[in-house]
Amino acid sequence: MPIAYIQDIAKHEGQDVTIRGWLHNRRSSGKIHFLVVRDGTGFIQAVMSKASVGDETFQKADHLGQESAIIVRGQARADARAPGGYEIEVGDLQVVSEARDYPISPKEHGVEYLLDRRHLWIRSQRQHAILRVRHEVVNAVRDFFNREGFVLADAPIFTPSACEGTTTLFPVQYFEDDTAYLTQSGQLYNEATALALGRVYCFGPTFRAEKSKTRRHLTEFWMVEPEMAYATLDDVMRLAEKLVVSVVARVLEARQPELRALERDLSRLELVQAPFPRITYDDAIERLRAAGQPVEWGGDFGGTDETVLSGLFDRPVMVHRFPAAVKAFYMKPDPERPEVALGVDLLAPEGYGEIVGGGERLADYDLLLERVKAHDLPPSTFEWYLDLRRWGSVPHGGFGMGIERVVAWLCGLEHVRETIPFPRMLYRLAP
RNA sequence: UCCUCAGUAGCUCAAUGGUAGAGCAUCCGGCUGUUAACCGGAGGGUUGCUGGUUCGAGUCCAGCCUGAGGAGCCA
């Protein structure tokens with residue numbers, strides 16, 4: 001009897017198959033059991049009638065607890081009454097291990113309770129759908145860059161100091177005498193690998209010790225960061241647009257059952273087509289004021305500002321040329337207007353905020369050295385970074401895209417904590 | 001770090017300052033098409049902690065602890 005995965009059950013219609021999984025839920029009607037089985041690939045209803053399996057097998061299922069490991073054998077068939085459209089007519093049931101008093105019932109639970117049991121929570125249907133969308137996003141990103149000719153060149157996780165002086169870093173003891181910091185961006189290293197390999201990307205975990213306590217923040221999150229030699233701000237914006245369009249299309253194509261399980265409004269995602277509107281920071285300020293937001297020129301946008309701004313468009317919007325003072329030291333100033341930097345933020349629709357941030361880098365040695373000093377950064381630590389401007393400096397740029405925020409947007413989630421198997425937050429380090 | 005809100009049965013939540021309750025889960029029983037199944041029964045409580053006000057505190061007051069949402073900062 002072939003072993004079947006639930007996601008492929010349609011291919012086995014009419015056949016006898018073996019499903020190896022866990023009991024997700026059970027309903028019973030005296031002489032008929034409905035066992036909802038999950039096997040990691042999906043969920044399916046297995047129907048067991050007393051008349052066809054006999055008393056002994058039927059009784060085995062009588063008191064079986066949620067999340068008991070079971071192997072069911074039976075015929076796969078289409079049935080409109082079954083959730084998912086297919087069910088298994090059980091011929092035999094094998095109990096691999098019996099579970100009792102599983103703590104997560106099909107009823108509602110609070111956030112703290114579920115997060116304390118995240119190792120079990122991920123078995124639920126909703127988390128199953130979200131994590132599969134995440135998987136698709138990650139693969140879509142990798143496929144995109146590989147197809148476009150980018151070289152994966154990962155940046156180190158241990159770094160000697162801040163990439164951008166402003167954000168707080170996690171220090172770690174590095175052997176006896178040294179302190180290392182967990183990376184908050186691979187970007188500076190990307191600039192080096194881009195000048196070596198042309199177009200590169202890194203993709204890994206990133207750490208921010210900010211005491212942020214909002215639905216958009218994790219202390220450990222995944223970021224993909226492409227960097228291109230011989231590239232301008234316009235090239236960076238084109239790349240970000242193409243990437244986001246590609247990822248959304250891929251998820252819409254490959255993960256529709258999951259998006260539907262999450263009750264996502266697909267029509268909003270289908271609108272994500274190029275070109276994305278590109279507006280300047282100045283323009284954004286004007287639009288925000290027109291919408292009644294009290295904003296001053298020179299400041300960064302708050303969460304509400306981003307929501308209001310993205311609400312003005314039906315697709316992601318790119319805001320470029322921010323005041324140089326609020327941006328990182330390595331941002332290139334606009335030659336025509338030095339008070340603004342050639343940076344860009346891409347805001348997701350529906351209030352999901354900034355999912356991409358990047359721009360053109362400062363390629364001039366003298367100006368960069370000046371900036372390093374002005375930001376009170378130790379020039380010795382940045383010696384190697386300055387070297388990139390001494391030998392073969394060219395216009396270059398790139399961006400970072402936060403995976404969890406993209407997944408939260410695509411899934412329509414309230415909080416990024418559900419987009420990663422084990423979220424790390426201000427007050428959450430376990431399990 | 002700051003602001004707001006919350007903490008009562010295993011879970012989700014009720015309870016005018018006056019006998020601490022329901023649904024789900026668990027256990028027992030019933031039911032051959034359930035859809036978070038349903039119906040009947042049972043067990044289950046140091047009301048986050050410490051102190052105060054009161055004849056009497058889950059309820060009012062103070063402090064603390066834990067969590068959630070938000071601000072700042074960011075992807």
Side-chain angles (χ1 to χ4, degrees), chain A residues 24-36 43-53 58 62-63 65-66 79-85 87 89 99-117 124-126 163-169 183-187 205-225 240 299-307 322 326-328 344-348 352-358 399-409 414-417 419-420 425-428:
Chain A
H24 184 66
N25 196 12
R26 176 170 52 86
R27 294 180 286 272
S28 179
S29 237
K31 288 176 183 146
I32 184 166
H33 290 310
F34 297 93
L35 310 174
V36 179
F43 296 77
I44 196 166
Q45 172 168 286
V47 185
M48 178 192 275
S49 66
K50 200 173 191 169
S52 59
V53 298
F58 194 81
D62 245 353
H63 299 283
Q66 197 186 341
D79 193 310
R81 292 170 297 186
E87 62 184 21
E89 173 70 31
R100 298 179 62 85
D101 299 322
Y102 185 68
I104 302 178
S105 69
K107 287 278 179 180
E108 290 167 20
H109 300 282
V111 172
E112 186 190 2
Y113 184 85
L114 289 169
L115 280 172
D116 282 341
R117 293 158 185 79
S124 75
Q125 220 153 353
R126 175 185 164 85
C163 294
E164 318 169 22
T166 53
T167 17
T168 321
L169 299 173
T183 182
Q184 59 176 343
S185 165
Q187 161 174 352
T206 304
F207 308 87
R208 303 267 166 103
E210 282 291 332
K211 295 201 169 177
S212 298
K213 205 171 139 36
T214 80
R215 67 187 68 206
R216 299 184 302 278
H217 289 88
L218 299 172
T219 53
E220 175 183 324
F221 63 97
W222 283 66
M223 186 156 69
V224 61
E225 296 175 275
D300 220 331
F301 298 135
T304 314
D305 298 328
E306 289 183 353
T307 303
F322 281 79
V326 299
K327 287 294 175 184
V344 58
D345 281 359
L346 187 151
L347 305 180
Y352 280 93
E354 184 184 347
I355 54 171
V356 166
F399 61 83
M401 183 171 84
I403 295 301
E404 287 75 16
R405 285 189 182 176
V406 171
V407 175
W409 165 45
E414 285 294 313
H415 201 296
V416 291
R417 65 186 160 219
T419 64
I420 186 166
M425 294 174 289
L426 180 52
Y427 298 119
R428 171 68 56 181

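First the proteins, then the strands, lettered A, B, ... as listed; each starts at 1.
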Looking at every non-hydrogen atom in both residues, tell me the closest pair between A/S49 and A/E89 and how far apart they are. OG-OE2, 4.1 Å
Search all heavy atoms of A/R417 against all heavy atoms of A/L218 and return the closest pair with its distance. CA-CD2, 4.1 Å
Heavy atoms under 4.0 Å, any strand shown: does A/V416 hit a base, just sugar-phosphate, or nothing? nothing
For B/C27, does OP1 or OP2 lie under 4.0 Å from any side-chain N or O of A/R100? yes
If the P atom of B/C39 is compared with that of B/C2, how far apart are they to the nearest Å? 50 Å
Tell me what A/R428 touches on the nucleic acid: a base, only sugar-phosphate, or nothing, going by heavy atoms under 4.0 Å. nothing
Base-paired stems in RNA chain B, each at least three Watson-Crick or G-U pairs under 3.5 Å: B:1-7 with B:65-71, B:10-13 with B:21-24, B:26-30 with B:38-42, B:48-52 with B:60-64
Nearest whole Å is fine: how far is B/U32 C1' from A/R27 CZ? 15 Å
Report which part of the nucleic acid A/R216 touches: base, sugar-phosphate, or nothing (heavy-atom distance under 4.0 Å, all strands). base
Say we look at B/A22 and B/A36: how far apart would their P atoms be, to the nearest angstrom? 25 Å
Check whether any side-chain N or O of A/H415 sits under 4.0 Å from OP1 or OP2 of B/G69, and answer yes or no. yes
Is any N or O donor-acceptor pair between the side chain of A/H109 and the base of B/C11 shorter than 3.5 Å? no
If you measure from the C1' atom in B/C49 to the same atom in B/A15, how many Å do you get, rounded? 23 Å
Whether the side chain of A/E112 and the base of B/U66 hold a donor-acceptor pair under 3.5 Å is what I'd like checked. no
Close N or O pairs between protein and nucleotides 39-47 of chain B (under 3.5 Å):
none

Pairwise 5' ranking along RNA chain B for A/Q66 and A/K50, keeping only the more 5' one: A/Q66
Hey, does the side-chain of A/E414 have a donor or acceptor N/O within less than 3.5 Å of a partner on the base of B/G69? no
Using modelled atom types only, decide if a donor and an acceptor are shared between the side chain of A/R405 and the backbone of A/E354 within a distance under 3.5 Å. yes
Any donor and acceptor pair, going by atom type alone, linking the side chain of A/T214 with main-chain N or O of A/R216 inside 3.5 Å? yes
In B/S/- notation (B base, S sugar-phosphate only, - none; protein heavy atoms under 4.0 Å), nucleotides 2-8 of chain B written 5' to 3' is -------
Which heavy-atom pair separates A/V416 from A/A408 by the least distance, and what is that distance? CG1-CB, 4.0 Å
By the 4.0 Å heavy-atom rule, please label A/G65 as base, sugar-phosphate, or nothing. nothing
Looking only at non-hydrogen atoms, find the nearest pair between A/S185 and A/M223 and report the distance. CA-CE, 4.1 Å
Side-chain N or O of A/H33 versus OP1/OP2 of B/G33: is the shortest distance under 4.0 Å? no
Looking only at heavy atoms, which two atoms of A/S28 and A/H33 are closest? And how far apart? OG-ND1, 3.0 Å
Considering only atom C1', compute the distance from B/A6 to B/A14 and round it to an integer number of Å. 15 Å
Looking at B/C24, does its base get a donor-acceptor pair with the side chain of A/S105 below 3.5 Å? no
B/C31 C1' sits how many Å from A/D62 CG, rounded? 12 Å
For B/A36 and A/R126 - does any side-chain N or O of the residue sit under 4.0 Å from the phosphate oxygens OP1/OP2? no
